[in-house]
Structures are given as structure tokens and as C-alpha cells.
Number of protein chains: 6
Amino acid sequence: MTGLTLVWGPESAEGWLDSYLSAAAVLDLLRTYEGPSYDAVVMAGFGEHGREGVRELVDVPVVDITEAAAHLACLLGRRYGVVTTLERTCGQIEDSLELAGVGRNCAAVIGTGLGVLDLSDGERTEAAFLAAAERAREAGAEVLVLGCAGMTGLQRTVGEKLGLPVVDGVGAAVKLAESLVGLGLTTSRVGSYAKPRAKRRSWGVGGP
Amino acid sequence: MTGLTLVWGPESAEGWLDSYLSAAAVLDLLRTYEGPSYDAVVMAGFGEHGREGVRELVDVPVVDITEAAAHLACLLGRRYGVVTTLERTCGQIEDSLELAGVGRNCAAVIGTGLGVLDLSDGERTEAAFLAAAERAREAGAEVLVLGCAGMTGLQRTVGEKLGLPVVDGVGAAVKLAESLVGLGLTTSRVGSYAKPRAKRRSWGVGGP
Amino acid sequence: MTGLTLVWGPESAEGWLDSYLSAAAVLDLLRTYEGPSYDAVVMAGFGEHGREGVRELVDVPVVDITEAAAHLACLLGRRYGVVTTLERTCGQIEDSLELAGVGRNCAAVIGTGLGVLDLSDGERTEAAFLAAAERAREAGAEVLVLGCAGMTGLQRTVGEKLGLPVVDGVGAAVKLAESLVGLGLTTSRVGSYAKPRAKRRSWGVGGP
Amino acid sequence: MTGLTLVWGPESAEGWLDSYLSAAAVLDLLRTYEGPSYDAVVMAGFGEHGREGVRELVDVPVVDITEAAAHLACLLGRRYGVVTTLERTCGQIEDSLELAGVGRNCAAVIGTGLGVLDLSDGERTEAAFLAAAERAREAGAEVLVLGCAGMTGLQRTVGEKLGLPVVDGVGAAVKLAESLVGLGLTTSRVGSYAKPRAKRRSWGVGGP
Amino acid sequence: MTGLTLVWGPESAEGWLDSYLSAAAVLDLLRTYEGPSYDAVVMAGFGEHGREGVRELVDVPVVDITEAAAHLACLLGRRYGVVTTLERTCGQIEDSLELAGVGRNCAAVIGTGLGVLDLSDGERTEAAFLAAAERAREAGAEVLVLGCAGMTGLQRTVGEKLGLPVVDGVGAAVKLAESLVGLGLTTSRVGSYAKPRAKRRSWGVGGP
Amino acid sequence: MTGLTLVWGPESAEGWLDSYLSAAAVLDLLRTYEGPSYDAVVMAGFGEHGREGVRELVDVPVVDITEAAAHLACLLGRRYGVVTTLERTCGQIEDSLELAGVGRNCAAVIGTGLGVLDLSDGERTEAAFLAAAERAREAGAEVLVLGCAGMTGLQRTVGEKLGLPVVDGVGAAVKLAESLVGLGLTTSRVGSYAKPRAKRRSWGVGGP
């Protein structure tokens with residue numbers, strides 16, 4: 001498994017502007033990628049845009065960590081909740097789950113008030129996560145989802161403290177991607193995710 | 001992977017009566033099971049009842065082929081369709097998908113008119129599948145799901161003929177169960193799927 | 001009106017395992033029933049499974065107390081609420097209402113924390129009911145439903161104390177069954193609830 | 001049972017203007033009614049407005065034939081359909097079912113193209129009903145509803161020809177009203193259907 | 001712009017009875033109107049019935065303040081809330097938004113407890129509005145709507161105090177009506193809003 | 001009114017990849033814009049992404065032609081339909097309408113099979129539009145929306161031929177933007193559309 005880092009885009013994605021900018025940067029990265037061949041793409045921006053475009057672009061399965069975490073969470077309890085970073089991203093996550101087809105059993109998306117870059121403070125993050133998790137529980141969540149790739153690793157500790165399964169989207173997406181590859185399945189070319197039409201496109205002028 | 005066969009129940013499940021009878025028989029089989037330990041349970045009755053009860057009963061992950069196929073199908077196209085056996089089971093499948101939280105992106109559930117036991121005639125099954133698949137396509141399906149465990153194996157041939165990914169629920173469920181086990185995740189005990197309360201229960205009087 | 005008692009099954013139904021076990025036992029009871037003929041079947045397990053299977057099996061109208069209470073409650077206020085026993089059964093009731101087609105106007109399903117067998121303590125039950133009813137009111141309920149057949153009889157007292165109509169599912173189901181019989185209506189055989197197909201079935205091996 | 005005829009309003013209701021005019025006329029009729037006391041009100045305009053206002057006004061149960069037919073139809077099959085008069089009224093009926101909380105299991109509302117006053121031609125009505133019923137069947141209806149009080153009486157003949165239960169709203173509403181009266185239930189005064197506030201109101205100037 | 005006052009009807013509309021009475025009175029007013037010609041109709045009863053009937057009756061665009069405020073609010077934030085008069089009208093407003101097709105992004109409809117005629121006390125109204133607005137905010141509203149024509153004028157003050165855009169339905173409806181007129185658009189005659197059929201109708205007997 | 005042309009991006013937008021690329025290019029254009037000040041932004045890519053990001057970025061109202069057309073269409077009939085270019089864009093448009101909060105009354109989104117650049121052939125476009133419109137009508141549309149900015153101008157001719165109001169999104173969006181400006185309303189900064197956080201971002205490396 002190889003992690004790719006965006007060549008351009010925002011330093012972290014918090015809000016729609018960042019998300020759309022990242023989406024274009026991810027697409028640009030993949031279309032110009034010249035490394036070893038790969039079997040699947042995992043998109044690691046929780047609640048962020050772009051997965052449908054990547055599905056058009058590449059010939060291998062594409063799994064976004066938002067939908068991946070939700071798919072597994074649905075198997076573990078009747079309702080799940082998402083605990084994420086800033087309140088402003090909650091709506092974006094709700095939209096992403098809805099369009100992925102897994103919004104029905106989402107009881108709540110709750111912000112911790114922490115920005116992506118604040119997550120490096122482990123103690124503060126854990127405390128904020130536990131407080132937000134409590135609110136998700138009251139809203140009916142029986143399973144929780146880590147609502148940011150930067151929270152990966154937290155699932156074990158908070159899971160034990162909460163007495164609940166906690167799903168990390170990155171781990172979930174890797175497993176789902178492996179599952180699709182193992183079953184010989186990839187994105188349908190019929191309808192929505194046909195290959196992009198041949199045409200002129202330019203990808204930014206490079207300003208800061 | 002070990003396949004267990006029901007000790008009692010219907011010889012095949014087609015309709016609600018059969019489905020509820022099977023659900024009780026599956027629960028009875030698992031509660032009295034004394035074989036080697038296992039890591040997960042895969043339930044192989046497409047559109048059939050029981051998964052929530054099994055989640056209460058056992059301590060390992062439980063994945064039903066109906067939901068499993070739908071979860072993977074959601075990753076492969078914007079809308080999926082299910083092709084199943086008798087028309088009478090379509091409603092049951094729709095209900096099962098809805099409650100599993102993955103009904104939103106289901107474009108159609110279409111019957112082939114074949115009973116479970118008719119599926120042994122491969123040629124007839126394939127022809128009926130292709131005809132039903134056409135109707136699912138017209139309703140917007142970009143991915144198809146085999147709507148009966150007895151169709152397993154058909155995915156490759158019909159997938160090629162249709163030019164669409166076709167998901168087999170059994171394969172999907174095994175992969176999802178392995179994914180959950182690999183991630184150390186199991187059913188939440190908070191809320192819906194708490195352990196069954198200790199009480200007197202009897203499991204049938206054994207009549208035909 | 002004759003009350004039938006299950007020959008096998010759980011001593012009370014609390015959760016999905018119990019519910020599926022009961023569903024099979026109800027079906028077995030009815031298929032082997034040899035008493036006087038009857039005009040309709042009322043199913044008295046609130047939120048429990050089985051009604052569709054019974055509709056397939058018998059030729060007379062079948063009314064489940066969950067749906068019955070909700071149908072009448074919809075006529076009495078813009079939103080209704082259900083007050084039931086353990087929290088763990090709330091989800092099952094929500095699913096049952098949704099599939100019966102009457103979930104839209106349900107404002108809340110609230111548990112009292114009492115098990116079915118605790119309901120024999122009338123004073124405690126009433127106090128717990130009133131507290132839960134308050135929460136249903138805050139969620140928008142204008143009418144309440146007794147969420148367990150074991151609560152039957154409570155409707156008058158709590159109704160007066162709350163100043164709200166309170167619907168007992170058993171009474172509601174009997175009236176609806178009589179209504180269908182009076183109008184000469186019974187279950188449609190077209191589509192979902194066709195007669196069960198002739199096949200081999202066995203109904204349990206009788207273990208405790 | 002006493003039938004009341006509107007003192008003013010349209011000679012038949014076909015469309016929203018007629019429906020709102022009828023709603024006011026029904027309210028005026030009931031507020032000025034001075035006949036013998038009554039136990040319940042049945043409103044016989046299929047898909048027409050007014051039921052919530054009548055619930056505010058009178059102290060007895062109020063049942064509208066639209067919702068009544070749908071409530072009983074839900075007990076007879078997994079999906080029901082409505083066959084009505086002019087196409088222009090279909091939307092109004094859909095809205096009425098949705099707000100009554102029973103829209104979920106409605107597969108289709110189909111017009112026959114006949115106006116209310118055309119229904120006196122029995123043969124033509126039956127033929128048009130059967131053709132529309134076929135379309136409802138294709139949309140998934142397993143039970144049918146007569147979508148106009150003027151169709152009452154048709155249920156037996158068309159039911160036999162179609163091999164489906166057919167629900168007449170007038171009969172259904174009478175049974176449901178009797179059920180509520182028998183159970184001692186009436187409209188909730190909490191929230192939506194509180195008594196109308198005391199204030200000056202005038203009820204038309206009587207022009208043609 | 002000319003304001004028309006009802007010749008008959010309730011002195012203020014609070015609840016369904018008043019709303020249906022107003023709907024008929026509005027229709028009567030417009031059908032007998034003999035003043036200068038007009039380009040559009042704005043209906044100024046928030047949450048009240050009648051708009052579909054007026055669309056059938058007149059040949060110019062018809063905009064109701066409820067839907068108008070919601071349409072503009074959707075453009076200003078991801079979720080909006082409505083602050084209205086009495087709690088009893090909240091349900092009616094929810095229904096009106098739902099049928100207008102703009103209910104999805106409504107986070108809450110909250111009552112202030114004030115009757116329409118209480119709104120003349122500006123200070124009390126503002127205080128009640130701010131308290132209710134707080135609850136709408138907690139439910140997720142990012143934009144607010146004045147839920148009564150009698151609140152017009154309040155949008156600026158409360159908007160500044162709350163730091164949120166506040167939409168007045170009257171202003172919104174006028175702008176939307178002008179927009180439709182400017183674009184040469186008017187109500188479709190196909191389907192739902194065809195012209196009322198020619199028939200005998202009488203419009204009230206004029207009693208108090 | 002000034003039209004801005006993207007400095008980079010796809011030559012036309014057909015599918016998700018193009019849409020995400022355009023969204024980033026629109027954001028880049030606006031953040032680097034140094035022309036005269038403006039009162040509102042109209043986004044002219046039908047069904048395309050980006051509107052929420054632009055709402056974060058600028059301080060004036062932002063209206064996207066997709067939502068704008070739907071908002072006005074809701075005022076003109078009970079259900080509307082969209083006729084667009086390639087089938088592959090239909091899903092994207094459905095998603096866009098759903099998230100804008102106006103998906104409920106959309107009866108259908110139908111493709112003409114024409115690419116954006118094919119629209120220069122007026123006769124072919126009109127014929128394809130009329131054929132697709134017929135299908136939208138059958139699905140219940142009473143009003144139509146031009147599903148591409150490149151169709152602007154077609155509304156009058158096809159409207160007359162179809163006997164239906166046809167809404168052009170560009171005209172609609174301009175009117176709605178003017179309405180918001182005239183009412184002194186702009187995007188809420190509370191919750192979803194707060195200003196983008198200050199951080200390092202780079203906007204492409206400029207490759208073809």
C-alpha cells in the first residue's frame with residue numbers, strides 16, 4: 001500500500017472550498033501518476049468530494065473512507081454516529097453519507113470543535129472525542145465512526161472507554177478495496193461512471 | 001470456512017412464512033452448535049430474516065448476504081439492482097435492504113419467476129437472469145446483485161454478457177466478515193443488539 | 001374471541017431473537033390449530049415479527065397490534081408516540097411501524113426500562129409510563145400508544161392523567177379485524193402474500 | 001347514520017379550488033348543525049381538504065374516507081393503489097395520503113379520466129376502473145382503493161374481476177369511526193387539533 | 001402593488017379551521033375581483049391553505065409567502081428554521097413546506113407562543129422571537145424565516161441581534177412573483193392546476 | 001452583469017471529473033478576481049459542483065442555475081422535470097437538486113443524448129429536447145427545466161410547442177440573485193458556510 005500526497009491543494013481540508021480544491025488535486029495527482037501500477041484507490045479525506053470523479057478516471061475499484069466506515073458500521077449496530085473535527089464539516093459529511101447510500105442509519109454527525117491540525121494533541125483529542133461520542137449515543141448511535149483520517153489510531157482506546165465498536169475509515173476502506181479486488185469487481189462503466197470524454201482540460205495555473 | 005445446514009426448517013425459503021421459519025431454525029442451530037469455534041457468521045438466505053437475532057446471540061461479527069451484496073454494490077455504481085427468484089420475494093428483499101440501511105441506492109428488485117429449486121437448470125436460469133437484468137438496467141441499475149445464494153457462480157458469465165459488475169452476496173459477505181474480523185470489530189452490545197435476556201425458551205415440538 | 005397461547009417459544013419476547021422465535025411458534029400454532037373456525041387473527045406481540053407469514057398462511061384477515069394501534073393513532077392527532085418496555089425493543093418497533101406503512105407520523109418510540117414481566121407491578125408501570133410519555137410529548141406526540149400487550153388496561157388511567165388519547169393495540173387490532181370481516185375483506189393473494197408453496201418443512205426439534 | 005349534504009359549495013369536487021370551497025362549506029355545515037347529536041363524523045370527499053379543521057371543531061372522532069381506505073388497505077397487502085376520477089385529482093390524493101401518514105405503501109394513484117358526474121354510467125365506469133387498476137397492478141399494488149365516494153358499490157364486482165381486495169373508503173371510514181367510538185377514543189386536544197380560538201369569523205357572502 | 005383584504009373569513013388565521021375558511025374566502029375574493037388587472041398574486045397567510053386553488057383560478061403567477069421564504073432561505077444556508085406564532089400552527093407550516101417541495105432543508109419550525117394579534121407588541125414579539133430562534137439554531141438552522149406576515153419588519157433587528165440572515169416571506173414572495181413575471185412564466189395548465197371545470201358552485205350563505 | 005470565463009478547467013463539463021475540475025477552477029477564478037466589485041455570483045454549470053465553496057469564499061449571494069431553475073419550477077406546477085444533455089449527467093443533477101433541498105418535487109431528469117458542444121445544432125437540439133420532454137411528462141412533470149446553460153434561449157420555442165412553462169436556469173438564477181440583493185440578504189456565516197480558514201493552499205501546477 002502506497003500513500004500519495006497531494007502536490008497541490010489545501011494543507012488540510014475543512015469546509016467545502018478546501019474539499020473541492022482537494023478533489024481537483026486528487027484527480028490531477030492520479031491522472032499524472034507514473035509510479036508502479038496499483039489495484040485500487042483509497043481516498044482518505046473524510047467527508048470530502050471527488051470519489052465519483054476518481055471512479056470515472058481509473059479502472060480499479062475506488063473506496064472513500066467516509067462511505068467505507070459507514071458500510072462497516074451498518075453491520076455492527078442498528079444506528080451509527082460519526083464524531084468529526086469542526087462543526088462546519090458536519091453537513092458535508094451528512095451529504096457524503098446520503099449520496100453514498102448509507103445515510104439512513106446514521107443517527108448523528110457530531111463535531112468536536114477541533115481542527116484537523118489540532119488532532120496532534122492526543123489527550124485533548126481523546127477528551128473531545130469522548131464528549132462528542134456521548135452526544136452521538138444520546139442520539140441513538142450504537143457504533144461510532146472516526147470522522148477524520150487524522151483520528152486513525154484512536155479507535156482502540158476510545159472504543160474501550162466507550163464500550164462500543166469504533167470504526168476507522170482508513171482501515172475500513174483498505175479492507176473494502178481488498179474485498180473488491182479479491183472478488184474481481186470494479187466500477188461499472190454503464191451510466192454515471194463512464195470514462196471521461198476526450199476533450200481539452202487544463203489543471204490550474206499554479207498560483208498560491 | 002464451514003457451511004452449516006439447518007436441522008429443521010423449510011427445504012427452501014420462498015416467502016415470509018419460510019423466512020421466519022428459517023430464522024428460528026438458524027438461531028436454534030447456532031445456540032446448540034458444538035463444533036469448532038468460529039470467527040464470524042455469514043447468513044446465506046437472500047432477503048431472509050434473522051440477522052438481528054443472530055447478532056444478539058453470538059459474540060462474533062454477523063453478515064447477511066443481502067446487505068453484504070448491497071454494501072459492495074454501492075461502491076461500484078450510483079444505483080444497483082437485484083435480480084432474484086420468484087416475484088413474491090421481491091418485497092421481502094426490499095424490506096431487508098431498507099432496514100439494513102442500504103435501500104436508498106437500490107433502483108429495482110426484479111424477479112425471474114424461477115423458484116429456488118429451479119436454479120439447478122443453468123441455461124434457463126441464465127436466460128431468465130439476463131431478461132430480468134435488462135429491466136433492472138432500464139430502472140437505472142448500474143451494478144447488479146445476484147438475489148439468491150443459489151445463483152452463486154453466475155456472476156462471471158452474466159457480468160460479461162451484460163457488461164456490468166455483478167455482485168454475489170455469498171462472496172461479498174465472506175469478504176465483509178473477514179474485514180470485520182481483521183479490524184477487530186464485532187457487534188455493538190449497546191442498545192439494539194444486547195445479549196438475549198436469560199429466560200425460559202423452547203424451540204419447537206418437532207412436527208413435520 | 002379466543003386467545004391462543006404459544007406451545008413453544010420464549011416466555012416473553014424482548015429483542016429480535018425472542019421475536020423471531022415467537023414468529024415461528026405463532027406460525028406453527030396456527031398451521032396445526034384444530035379448534036373451532038375463526039374469522040380473523042389478531043397478533044398480540046407488540047413490535048414482533050411474523051404478520052406477513054401469517055398473512056400467507058391463513059385465509060382470514062390478520063391484524064398485528066403494533067400496526068393497529070398506529071393506524072388508529074393517526075386518526076387522533078398529527079403525530080403519535082409509543083411508550084414501550086425495554087429500550088432494546090424500540091428499534092424493533094420502529095422497524096415494524098415503518099414496514100407497516102405508518103412510520104411517518106410516529107414522533108418517538110420511548111422505553112420505560114421495564115421488562116415485560118415487570119409490568120405486573122401496576123404502580124411502578126404507571127409511573128414509568130408517565131415519565132416516558134412526557135418525553136414522547138416533547139418529541140411532538142399528540143397521541144400515545146401502549147407499546148406492549150402487557151400494558152393493556154393502562155390506557156384509561158394514564159390517558160386521564162396525561163390529558164391525551166392513549167391507544168391500546170389489542171383493542172385496536174380487534175376493532176380493525178372486525179372491520180375487515182364486516183366489510184368482507186381479506187388479505188390479497190396477489191404478489192407478496194400468496195399462499196406458501198407446497199414443500200417439505202419441519203418445525204423444530206423440541207429442545208429447551 | 002345520517003348523511004348531511006352541503007348547503008353551499010361546488011356541485012362536485014374536482015381539483016383544489018373545489019376542494020377548498022368544500023372544506024369551508026363542510027366546516028360551516030357542522031358549526032351550524034342543529035340536528036340530533038352524533039358520535040362521529042365521516043368525511044366523504046375522497047382526497048379533499050378539511051379533516052384537520054373538523055377535528056378542531058367537533059368533540060367526536062373524525063375520519064376521512066381517503067385515509068380510512070388507506071389504513072385498511074395497508075392491512076391487506078404490502079402495497080396498495082388508488083383508482084380515481086380525473087387525472088387532475090391524483091396529486092391531491094397523493095398529498096392527502098402523505099399527510100395522513102399512510103403514503104409510504106401507496107404504489108400508485110391512477111385516474112380513469114371520468115369526472116365525478118360521469119360515474120353514474122356504471123358500465124363505462126367499470127371498464128375505466130378495470131383499465132386503471134391494471135396500471136396500478138403493474139406499479140405494484142396488491143390491494144385497490146376506490147378513489148371517489150361516487151364509486152361506492154363497485155368494490156364487489158371489480159374485486160371479483162380483478163381477484164384483488166378492493167376497499168371502499170366510505171365503508172372503511174364508517175368502520176373506523178365506530179372503532180374509535182367503541183374504544184372511547186377521540187381527537188387529541190394537545191398540539192395541532194386544539195379547539196379553534198374564540199374570534200370573529202364570517203362565513204361567506206352567499207354569492208353564486 | 002395592491003393589498004386586498006378578505007371580505008369574509010376569520011379575523012386572523014390560527015389553526016386549520018381558520019386556514020380552510022381563509023382559503024375559501026381568498027378564492028371568493030379573487031373570482032369576484034373587479035379592480036384593475038394584476039400581474040401576479042401574492043398570498044400572505046403563512047402556512048395557510050389555498051395556493052393550489054388560486055393557481056387553478058387565475059392566469060398569472062401565484063406565490064405563497066410560506067414557500068417563498070423557504071425558497072430564498074435555501075439559497076442562504078444549508079438548513080433553515082421558521083419562527084412562528086402559536087405552537088398549534090407549527091404542524092400546518094411543516095405540511096405546507098413539505099408539499100411545496102422545500103421541506104427537506106427545514107431544520108425546525110418553532111412557535112413563540114404569541115397569537116397573531118399579540119404581534120402588535122413589538123418588544124414582547126422580539127424577545128419571544130429571539131428565544132425561539134435560539135432553539136431553531138440548536139436544531140441546525142443557519143437561516144431563519146419569519147413565520148407570520150404580521151412579523152414583517154422584524155427581519156432587520158432580529159437578524160442583526162442573531163447574526164443570521166432572516167427572511168421575510170412577504171418580501172420574498174413579491175420578489176419571486178416579479179421574477180416569474182419578468183421571465184414570462186406562469187402556472188402550468190397541464191395536470192394538477194388545470195382551470196376549474198365549469199359547474200355550479202355557491203360561496204357561502206353569509207352567516208357570522 | 002458580467003460573464004467570467006474559466007482560466008483553466010475542462011472545455012465543457014460532462015461528468016463528475018469535469019465537474020470537480022470546474023469547481024476548483026471557479027473558486028480559483030473568484031479568489032483571484034480583481035475586476036469591478038459585484039453584488040452577487042451566478043454559477044452557470046447545470047448540475048455542477050462548487051456552490052457551497054463559493055458561498056464560503058465570497059460575501060455576496062451565490063445562486064447556482066440548477067437550484068434556481070428548480071426553485072422557480074416548484075412555483076409553477078406540482079412536479080417538474082429536467083431535460084439535460086448526456087445520460088451520464090442525470091445522476092449528478094439529481095444529487096445537486098437533492099442537496100439543494102428541492103429534489104422532492106422533481107419527477108424526472110432525462111437526457112437527450114447530446115453533448116454540451118452538440119447543442120450548437122439548434123434543430124437537432126430542439127427535436128431531442130421535445131422527445132425527452134415527452135418522457136418527463138409521462139413521469140409526471142408539469143413544468144420543465146432546461147438542464148444546461150447551453151440550452152438557454154430554447155425555453156420559448158419548446159415551451160410553446162409543449163404547452164408547458166419551461167424554465168431557463170440562467171434567467172432564474174439572475175432573478176433570484178437580484179431578489180436576494182434587493183432584500184439585503186446574503187449567505188449565513190453560521191455553521192456550514194463560514195469563511196474559509198486561513199491556511200496554506202496551492203491551486204494547481206498548470207499542466208494540460
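Keep in mind that the numbers below use all heavy atoms, side chains included, and drop hydrogens, waters and symmetry copies. Here is how names work: the chains are called A, B, and so on, in the same order as the sequence lines, proteins then strands, and each is numbered from 1.
- Between chain C and the residues D:Val143, D:Leu162, D:Leu72, the largest count of heavy-atom pairs under 4.5 Å involves D:Leu72.
- Looking at every heavy atom in both residues, D:Ala141 comes nearest to D:Gly81 through CB-N, 3.4 Å.
- Under 3.5 Å, the side chains of D:Thr85 and D:Glu14 contain no donor-acceptor pair of N or O atoms.
- Heavy atoms of C:Leu180 lying under 4.5 Å from chain D belong exclusively to its side chain.
- Annotation for C:Gly115 and C:Leu86: closest pair N-CD2, 3.6 Å, computed over non-hydrogen atoms.
- Between the side chains of D:Arg51 and D:Ser96, at least one donor-acceptor pair of N or O atoms lies under 3.5 Å.
- For the options D:His71, D:Glu178, D:Gln155, D:Arg78, heavy-atom pairs under 4.5 Å to chain C are most numerous at D:His71.
- Of the listed residues C:Val63, C:Leu176, C:Val174, the one with more heavy-atom pairs under 4.5 angstrom with chain D than any other is C:Leu176.
- Residue with the most contacts toward chain C among D:Leu75, D:Asn105, D:Val102: D:Leu75 (heavy-atom pairs, distance under 4.5 Å).
- Heavy-atom distances place both the backbone and the side chain of C:Ser192 under 4.5 Å from chain D.
- Minimum heavy-atom separation, D:Pro61 to D:Leu185: CG-O, 3.2 Å.
- If you tally non-hydrogen atom pairs under 4.5 Å between each of D:Glu98, D:Arg137, D:Arg55 and chain C, the highest count goes to D:Glu98.
- Heavy-atom distances place both the backbone and the side chain of C:Glu142 under 4.5 Å from chain D.
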